[in-house]
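Heads up, the thing below is written out as structure tokens.
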Amino acid sequence: MAILAKQITSIKQYVYCVLMVCFTVAVSTIFVNNIDYHITAFFLLLVVSVAAVLFDILPVLFTALISALAWNFFFIPPRFTFHIDKAEDLIFFLMYFVIALINAILTNKIRQAEKEFLIKEEKGNTIKLYNTLLNSLSHELRTPIAAIIGATDNLQNYNSRLTELNRYELVEEISKASFRLNQQVENLLNMSRLESGILKPKKDWCDITELIYDTVKNVEENTGSKNISIQADPFLPLFKIDKTMLEQVIYNLLYNAVVHTHMDARIEISALCHADMLEIIVEDNGQGFPPDEIKYVFDKFYRLKNSRAGGTGLGLSIVKGFVEAQKGHVTLRNKTDGGASFNINILAETSYLNHLKNE
């Protein structure tokens with residue numbers, strides 16, 4: 001409710017308060033001969049309560065004032081005057097005004113207390129996430145950095161004693177460690193951009209089949225895996241999407257499948273076109289995901305309870321963020337015959353212009 005009050009300007013809050021009071025007065029006037037005017041006061045008090053939940057304190061106090069005056073003018077005898085004949089009506093009117101003010105003030109204090117609680121809770125969650133991130137990065141960043149330092153130290157201090165094969169292996173180790181380090185930094189930067197809202201899709205025509213083959217090659221070069229098979233329709237149209245985002249999505253899914261399945265696991269990626277809908281499926285025949293944890297796998301920093309050491313828990317959350325940034329959605333399910341299946345659907349413009357050129 002506090003968020004709603006922030007979204008509505010102060011002037012609009014006053015306007016809405018006046019409209020609510022006017023509506024209540026108009027409806028009550030229709031039944032003025034059937035309902036005691038004291039009952040009308042409760043309806044107007046309800047309006048003050050609703051305003052107190054939705055709006056800032058000053059518009060609410062204004063609502064309490066005009067509702068009291070409206071009740072006096074339209075309902076307390078003599079009607080259509082601000083004069084009150086009976087002493088009990090005067091007391092009732094004053095009590096109504098006091099109760100309306102107290103109601104407005106107390107509700108506002110409750111909202112402020114709720115706001116302070118949410119701020120404290122948010123700070124606590126931020127600290128928790130910060131500690132989780134540090135714990136994860138302490139391994140994920142130190143490991144490739146240590147590998148780079150160790151390999152470069154050997155090249156510098158023992159270069160004359162190393163064979164060509166030794167040098168090649170050390171350079172390859174540096175290359176893989178550097179890529180792993182860069183991947184973690186990219187994940188952090190991408191997550192930061194997603195949360196800040198500054199990462200917007202830059203759509204252009206993209207050959208999905210070519211993108212998939214390039215991404216698979218990239219994954220195999222950096223993981224050593226040779227068990228990824230591609231099932232892409234060679235006659236897929238061009239799709240107008242953000243190529244960089246989709247490439248990162250596919251890479252993260254494939255990398256996740258390679259890292260978290262056994263060495264001989266089969267990984268398959270397929271791409272289909274349903275009218276203007278691009279569907280990409282990444283499947284494996286590994287162990288799958290614990291059923292009670294599937295709903296959490298796309299959460300930031302979440303790692304499976306029995307997963308191996310390492311990993312920041314950002315890869316799949318970035319997949320979800322990048323897919324949703326392109327107005328798509330991603331789902332995960334366990335296959336009945338074993339393994340996991342990620343399904344991505346993105347609505348995008350299509351063009352068969354590339355096939356016409358090839359004919």
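When a residue number appears, it is its place in the shown sequence, counting from 1.
By the 30° and 60° cut-offs, the orientation of the rings of F92 relative to H38 is perpendicular. Ring-plane geometry between F342 and F298 is classed as perpendicular, the angle between the planes exceeding 60 degrees on a 0 to 90 degree scale with a lower cut at 30.
Taking every heavy atom of both residues into account, V330 and V323 meet most closely at N-CG1, 4.1 Å. Between G315 and N252, the shortest heavy-atom contact is O-ND2, 3.1 Å. Of all heavy-atom pairs between P59 and C17, the closest is O-SG, 3.7 Å. In terms of heavy atoms, M245 sits closest to F322 at O-CD2, 3.6 Å. Of all heavy-atom pairs spanning A52 and V60, the tightest one is CA-CG2, 3.5 Å. Of all non-hydrogen atoms in T63 and A51, the two that sit nearest each other are OG1-CB, 4.1 Å.
A donor-acceptor contact shorter than 3.5 Å is absent between the side chain of H274 and the backbone of M277. Of the possible polar contacts, none joining the S28 side chain to the V25 backbone as a donor-acceptor pair under 3.5 Å is found. Listed for the S175 side chain is no donor-acceptor partner under 3.5 Å among the backbone atoms of V171. When atom types are taken as modelled, the side chain of R266 and the backbone of I228 share no donor-acceptor pair closer than 3.5 angstrom. D242 places a side-chain N or O within 3.5 Å of a backbone atom of K202 that can act as its donor or acceptor partner. Between the side chain of R79 and the backbone N or O of F74, at least one donor-acceptor pair lies under 3.5 Å. Formation of a donor-acceptor pair under 3.5 Å by the D284 side chain with backbone atoms of I267 is not found in this model.
A side-chain donor from one of E283 and S341 sits under 3.5 Å from a side-chain acceptor of the other. In this model, a donor atom of one side chain and an acceptor atom of the other lie less than 3.5 Å apart for T350 and D276. Side-chain contact check for R161 and N166: no donor-acceptor pair (N or O, by modelled atom type) lies under 3.5 Å.
One distance of note links CZ of F55 with CZ of F62; it measures 12.5 Å at 0.5 Å rounding. Summarising the geometry, atom CD belonging to E324 is positioned 10.0 Å from atom NE2 belonging to H329; distances are rounded to the nearest 0.5 Å. Atom CG in L46 sits 11.5 Å away from atom CZ in F42 (nearest 0.5 Å). Separating the CG atom in L170 from the CD1 atom in I148 is a distance of 12.5 Å, to the nearest 0.5 Å. Taking OG1 from T107 and CD from Q112, the interatomic distance works out to 12.0 Å, rounded to the nearest 0.5 Å. Distance check, rounded to the nearest 0.5 Å: CD1 of I30 to CD1 of I35 gives 10.0 Å.
Contacts of F73 classified as ring-ring contact (aromatic ring centres under 6.0 Å, His included), with partners at least two apart in sequence or in another chain: F82.
Counting only heavy atoms from C-beta outward, the side chains of R167 and T163 never approach each other to under 4.5 Å. Between P77 and D89 there is a side-chain heavy-atom pair separated by less than 4.5 Å. For the pair I346 and L246, the minimum side-chain heavy-atom distance is below 4.5 Å. When side chains are defined from C-beta on, H260 does not count as touching F289, because their heavy atoms never get closer than 4.5 Å. Residues I250 and I344 have side chains not in contact (no heavy-atom distance under 4.5 Å, counting atoms from C-beta outward). W205 places none of its side-chain heavy atoms less than 4.5 Å from the side chain of F239. Considering only heavy atoms from C-beta on, I91 stays 4.5 Å or farther from K86 through its side chain. When side chains are defined from C-beta on, P78 counts as touching D85, because their heavy atoms get closer than 4.5 Å.
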Report the C-alpha separation of N227 and T261 in whole Å, then their side-chain angles, then the decisive distance to 0.1 Å, and conclude whether the side chain to side chain contact (heavy atoms under 4.5 Å, CB included) test is met.
CA-CA 11 Å; N227 298 326; T261 56; over 6 Å; no
Starting from the C-alpha separation in whole Å, work towards a yes-or-no answer on side chain to side chain contact (heavy atoms under 4.5 Å, CB included) for D337 and N285.
CA-CA 8 Å; D337 57 345; N285 63 344; over 6 Å; no
Does N343 form a side chain to side chain contact (heavy atoms under 4.5 Å, CB included) with E279? I'd like the steps, not just the answer.
CA-CA 7 Å; N343 189 291; E279 181 181 23; 2.8 Å; yes
Any chance you could lay out the side chain to side chain contact (heavy atoms under 4.5 Å, CB included) test for I76 and Y37, step after step, and finish with the verdict?
CA-CA 7 Å; I76 297 179; Y37 65 90; 4.2 Å; yes
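Residues I105 and V50 share a single hydrophobic cluster, defined by chaining ILVMFWY side chains whose heavy atoms lie under 4.5 Å apart. Cluster annotation: I110 and I99 are assigned to distinct hydrophobic clusters (Ile/Leu/Val/Met/Phe/Trp/Tyr, side-chain heavy-atom contacts under 4.5 Å, transitive). Residues L253 and Y255 share a hydrophobic cluster, clusters being chains of Ile/Leu/Val/Met/Phe/Trp/Tyr side chains in contact below 4.5 Å. Cluster annotation: F23 and I66 are assigned to distinct hydrophobic clusters (Ile/Leu/Val/Met/Phe/Trp/Tyr, side-chain heavy-atom contacts under 4.5 Å, transitive). At a threshold of 4.5 Å between side-chain heavy atoms, the hydrophobic network of Ile, Leu, Val, Met, Phe, Trp and Tyr places L272 and I230 in two separate groups.
With salt bridges taken as basic N to acidic carboxylate O contacts below 4.0 Å, none links E220 and K217.
Ring pair W71/Y96: centre-to-centre distance below 6.0 Å.
The number of heavy-atom neighbours closer than 6.0 Å to NZ of K295, taken from other residues, nucleotides and ligands shown, is 12 or below. Within 6.0 Å of the CD atom in E268, the count of heavy atoms belonging to other residues, nucleotides or ligands exceeds 12. Other residues, nucleotides and ligands contribute only 12 or fewer heavy atoms inside 6.0 Å of the OH atom of Y296.
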